[in-house]
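Comments concern the structure below.
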Amino acid sequence: MGLPFASVPAWASVSAVVLFTALSAFSGPADAQRRERPGKEVVDAACGACHLSGKDGAPRIGDAAAWAARTGQGLTMLTEHALKGIRKMPAHGGSTGVSDLELQRAIVYMVNNSGGRWIEPAAMRTSTLTSETIVQQQCAACHQGGKDGAPRIGDRAAWTPRFAKGLDRLVASAVHGHGAMPARGGMPDLEREDIRDATLYMFNYGLPAVAAPQPPAAPDPHHKLVSGLDVYFGMMRADALRSQGAKAGGTKLSIPAGRGYYHLNISVEDNKTRAPVTDAQVTMQVSDGMSVETKTLERLAANNAVSYGNFFRFTSGNSYNITTEIKRAGMPSPVTAKFEFKAP
Ligand code: HEC
Ligand code: HEC
C-alpha cells in the first residue's frame with residue numbers, strides 16, 4: 001500500500017503545476033482585453049494632477065483658450081505628443097498603465113471640457129486616412145455626381161463662391177452639416193482636419209474619372225485663363241489661418257502678427273490636360289494705385305496639391321489690383337494674370 005500512497009502527492013503536485021501554468025497562460029489575453037477606461041476615469045487617475053491646476057504650463061481643463069491654441073494640431077498629433085511627452089509634459093502623462101486609446105480618450109475628454117466638441121474614439125485611430133481615400137470612400141457618393149446640389153469634386157466654379165465665406169466657416173458648415181449635407185459628411189469619427197483636407201482636395205483636384213463640367217456661367221472673378229493656363233486666385237484672412245494652426249506640407253506657415261493681413265494664393269492648372277502646374281516661379285504685385293508691393297510666392301504643397309502664396313497687408317475699404325507673373329522653365333515668356341481684391 002506504500003507505493004500508491006506515496007504516489008498521490010507526486011501526482012497532485014504535477015497537477016498543481018499544470019493548473020498554475022494554465023492559469024498564467026490565461027492571464028495574458030485577459031490582461032490585454034481589460035476594459036479600456038473612458039476619458040474621465042483616465043483624467044481623474046492620471047492627468048488631473050497637472051491639468052486641473054495648470055501646473056508647469058499644462059493646459060488647464062476648462063481653459064478654452066489654452067486648449068484652442070493646441071487643438072488645431074488635431075487629435076492624432078496631440079496624442080503623439082502625449083505619448084512621447086512634450087517639454088514638461090511627461091510621456092504617457094507619467095503613467096505607464098495608461099493605454100494609447102485611454103490616452104486619446106483622456107485628451108478628448110479634456111478638450112470637450114474646455115470648449116471643444118470632439119468625439120471620444122471607440123477605437124484607436126491608428127492609420128490616418130488620406131484625403132483622397134476619405135473623398136473616394138465617403139464624400140464622392142454625393143459630391144461626384146452633384147447629388148442634391150452638392151458641389152462637384154473639381155468643379156471650381158461651384159466651390160469658389162463657397163470658399164468666399166472663408167475656409168474656416170466652410171469647414172464648420174461641413175462639420176455641423178446643413179441641408180442635404182450630413183454632419184461630418186456622414187463619417188462621425190472624421191476629425192475637423194480631415195474634413196478640411198477633404199474639402200480642399202475636392203476643390204483642388206477632382207477625381208480622375210470626373211471631368212469637371214464647364215458651366216457657361218458668369219465669369220468667375222477668381223479664375224483667369226491665360227496662354228493655356230487656368231489660374232485660380234484665393235485669399236484667406238491671416239487670423240482665420242492662425243485659428244486653424246495652418247500648415248502647408250507639414251511645415252507651419254509663419255503668419256504675420258497684426259491687422260489686415262491676408263494670405264493670397266494662386267493655383268495653376270494646364271487647361272488641356274488639367275494637370276496642376278507645380279514647377280512655376282510666381283511673383284505677385286499688389287497695388288492700390290498709391291503704393292505697390294511685390295513678393296515672390298512660396299510654393300505650398302499639401303495633399304499632392306500645390307499652390308503658391310504669401311501674406312500681404314491691406315487697408316480696409318481700398319481696392320487693389322493684383323498682378324501675378326508665372327514663370328516656368330521651357331515657357332517662352334512669363335504669363336500674367338490679373339485679379340482685383342477689395343479689402344472689406
Ligand atoms: C506631471 C504633469 C502632467 C501630467 C501628469 C499630465 N500632463 Fe499633459 N501636459 C503637462 C504640461 C506641463 C503640458 C504643456 C507642455 C508644453 O506644451 O509645454 C502638457 C500638455 C499636454 C497636452 C498638449 C500637447 C500639445 O501638443 O500641445 C496634452 C494633449 C496632454 N498634456 C495630455 C495629457 C494626458 C492625456 C495626461 C494623462 C494621461 C496628461 N497630459 C498628464 C503636464 C502633465
Ligand atoms: C449624403 C450626401 C453627401 C455626402 C456623403 C457628403 N456631402 Fe458634402 N454636401 C452635400 C450637399 C447636398 C451639399 C450642399 C448643401 C447646401 O449648400 O445646401 C454639400 C456641401 C458641402 C460643403 C459646402 C458647405 C457650405 O457651407 O457651402 C462642404 C465643405 C462639404 N459638403 C464637404 C463634404 C465632405 C468633406 C464630405 C465627405 C467627408 C461630404 N461633404 C460628404 C452632400 C453630401
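- Within the 3.5 Å criterion, the main-chain N or O of Pro334 finds no donor-acceptor partner in the side chain of Glu325.
- Taking 4.5 Å as the limit, some side-chain heavy atom of Met110 sits within range of a side-chain heavy atom of Val43.
- Atoms CG and SG, from Leu103 and Cys47 in turn, are 7.0 Å apart once rounded to the nearest 0.5 Å.
- For the atom pair Gln281 CD and Leu297 CG, the distance stands at 11.0 Å (nearest 0.5 Å).
- Across every non-hydrogen atom of Ala58 and Cys50, the tightest pair is CB-O, 3.8 Å.
- Put simply, the side chain of Ser173 never gets that close to the backbone of Arg169: no donor and acceptor are under 3.5 Å apart.
- Note that NE2 of His143 and CG of Asp148 are 10.0 Å apart. Values are rounded to the nearest 0.5 Å.
- Among residues two or more places apart in sequence or in another chain, the salt bridge (Lys or Arg N to Asp or Glu O under 4.0 Å) test is passed with Asp279 by Arg328.
- Less than 6.0 angstrom separates the ring centroid of Phe314 from the ring centroid of Tyr262.
- Minimum interatomic distance between Ala198 and Val135 (heavy atoms only, all atoms of both residues): O-CG2, 3.7 Å.
- One hydrophobic cluster, built from ILVMFWY side chains closer than 4.5 Å, holds both Leu83 and Val98.
- Although no hydrogens or angles enter the test, the distance criterion places no donor-acceptor pair under 3.5 Å between the side chain of Asn112 and the main chain of Gly115.
- With sequence neighbours left out, Lys84 forms a salt bridge (Lys or Arg N to Asp or Glu O under 4.0 Å) with Glu80.
- Taking the side chain as every heavy atom from C-beta outward, Met202 and Pro151 never approach each other to under 4.5 Å.
- Contact of the Asn271 side chain with the Leu229 side chain is not registered, since no non-hydrogen atoms from C-beta on lie closer than 4.5 Å.
- The closest donor-acceptor contact from the side chain of Arg313 to the backbone of Arg259 lies under 3.5 Å.
- Cluster membership for Leu167 and Trp159, using ILVMFWY side-chain heavy atoms within less than 4.5 angstrom, is shared.
- Leu170 is listed as a side-chain neighbour of Thr199, based on a closest heavy-atom distance under 4.5 Å.
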- Message: Please evaluate residues Asp194 and Arg192 with respect to the criterion side-chain contact (heavy atoms from CB on, under 4.5 Å), reporting the C-alpha separation (whole Å), side-chain torsions for both, the decisive distance (0.1 Å), and the verdict.
- Response: CA-CA 5 Å; Asp194 295 332; Arg192 207 171 185 289; over 6 Å; no
- Message: What verdict does the side-chain contact (heavy atoms from CB on, under 4.5 Å) test give for Val231 and Ile326, after you've listed the backbone C-alpha separation in whole Å, the side-chain angles of each residue and the deciding distance to 0.1 Å?
- Response: CA-CA 9 Å; Val231 184; Ile326 301 158; 3.8 Å; yes
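- Between Phe311 and Lys295, the closest heavy-atom pair is O-NZ, 2.6 Å.
- When all heavy atoms are compared, the tightest approach of Tyr320 to Val286 is CD2-CG1, 3.7 Å.
- Rounding to the nearest 0.5 angstrom, the gap separating the CZ atom in Phe233 from the NZ atom in Lys224 is 9.5 Å.
- Sequence neighbours left out, the pairs with a member in residues 41-56 that pass salt bridge (charged side-chain N to carboxylate O under 4.0 Å, His left out) are Arg35-Glu41, Lys40-Asp44.
- Side-chain contact annotation: Asp230 with His223, donor-acceptor N/O pair under 3.5 Å present.
- Atoms CD1 and OG1, from Ile107 and Thr79 in turn, are 4.0 Å apart once rounded to the nearest 0.5 Å.
- Contact check for Met284 versus Ile322: side-chain heavy atoms found under the 4.5 Å cut-off.
- Grouping Ile, Leu, Val, Met, Phe, Trp and Tyr by side-chain contacts under 4.5 Å, direct or through others, puts Ile86 with Met89.
- Checked by atom type and distance alone, the side chain of Gln104 never pairs as donor or acceptor with a backbone atom of Leu101 at under 3.5 Å.
- Taken together through direct or relayed side-chain contacts under 4.5 Å among Ile, Leu, Val, Met, Phe, Trp and Tyr, Met331 and Ile266 form part of one hydrophobic cluster.
- A continuous path of Ile, Leu, Val, Met, Phe, Trp and Tyr side chains, each step under 4.5 Å between heavy atoms, connects Val171 with Ile134, placing both in one hydrophobic cluster.
- In this structure, Arg37 and Arg105 approach most closely via the heavy-atom pair O-NH1, 3.3 Å.
- Side chain of Tyr232 to backbone of Asn265: no donor-acceptor contact under 3.5 angstrom is found.
- Side-chain N or O atoms of Ser114 include one that pairs as donor or acceptor with a backbone N or O of Gly62 at under 3.5 Å.
- In this structure the side chain of Phe312 reaches within 4.5 angstrom of the side chain of Glu293, judged on heavy atoms.
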Show which side-chain atoms of residues 335-344 pair as donor or acceptor with protein atoms under 3.5 Å away, not counting sequence neighbours.
{"residue": "Lys342", "atom": "NZ", "partner": "Gly317", "partner atom": "O", "Å": "3.1"}

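- Among all heavy-atom pairs drawn from Tyr308 and Ala280, the shortest one is OH-N, 3.2 Å.
- Looking at Arg299, its side chain does come within 3.5 Å of a backbone N or O of Thr278 through a donor-acceptor pair.
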- Task: Determine, step by step, whether Gln285 and Val292 satisfy the side-chain contact (heavy atoms from CB on, under 4.5 Å) criterion, reporting the C-alpha distance in whole Å, the side-chain angles of both residues, the deciding distance to 0.1 Å, and the verdict.
- Result: CA-CA 7 Å; Gln285 188 195 74; Val292 181; 3.4 Å; yes
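- Within the structure, salt bridge (charged side-chain N to carboxylate O under 4.0 Å, His left out) pairs that include any residue of residues 65-79 do not occur (at least two apart or interchain).
- You'll find the side chain of Asp100 reaches within 4.5 Å of the side chain of His92, heavy atoms only.
- Neither side chain, Thr160 nor His222, offers a donor N or O lying under 3.5 Å from an acceptor on the other.
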